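Single-structure report; data block below.
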Amino acid sequence: MRMTPKEFHLLMDAKQEKVYDEMEMMALEAMMMRAAYHAKKLKQYELFDRQKVEQKHKDPEDMKEKLHRQQEWLNSLKIGKGEEHGE
């Protein structure tokens with residue numbers, strides 16, 4: 001299988017991102033292990049509460065509000081209109 005230089009570059013970027021993701025997960029695991037080792041009576045939900053995370057990401061009203069704020073911010077930017085340079 002032959003690749004173009006661009007395909008090879010994209011493949012290498014994806015591989016590097018995968019390595020970074022794995023390192024990030026290992027760092028998170030190490031922090032959780034340290035917290036568990038040093039805590040007196042640690043509960044699982046104190047380290048990670050999946051229900052809280054899922055609720056945070058699934059609330060449609062929050063997502064709608066976040067989208068609205070992002071759109072307002074994007075609209076406030078004056079990209080490509082020539083207004084930045086006094087034109």
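Because only heavy atoms are used, hydrogens play no part in the values below, and waters and symmetry mates are left out as well, while side chains stay in. Just so it is clear, the structure is predicted and the values come from calculations on it, not from any experiment.
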side-chain contact (heavy atoms from CB on, under 4.5 Å) evaluation trace for Glu7 with Leu11: CA-CA 6 Å; Glu7 290 172 333; Leu11 186 66; over 6 Å; no
Stepwise side-chain contact (heavy atoms from CB on, under 4.5 Å) check, Phe8 with Thr4: CA-CA 6 Å; Phe8 180 74; Thr4 64; over 6 Å; no
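With values rounded to the nearest 0.5 angstrom, Gln70 atom CD is found 12.0 Å from Asn75 atom CG.
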Which side-chain N or O atoms in residues 15-36 pair as donor and acceptor under 3.5 Å with protein atoms at least two apart or in another chain?
from	atom 1	to	atom 2	distance (Å)
Gln16	NE2	Tyr20	OH	3.2

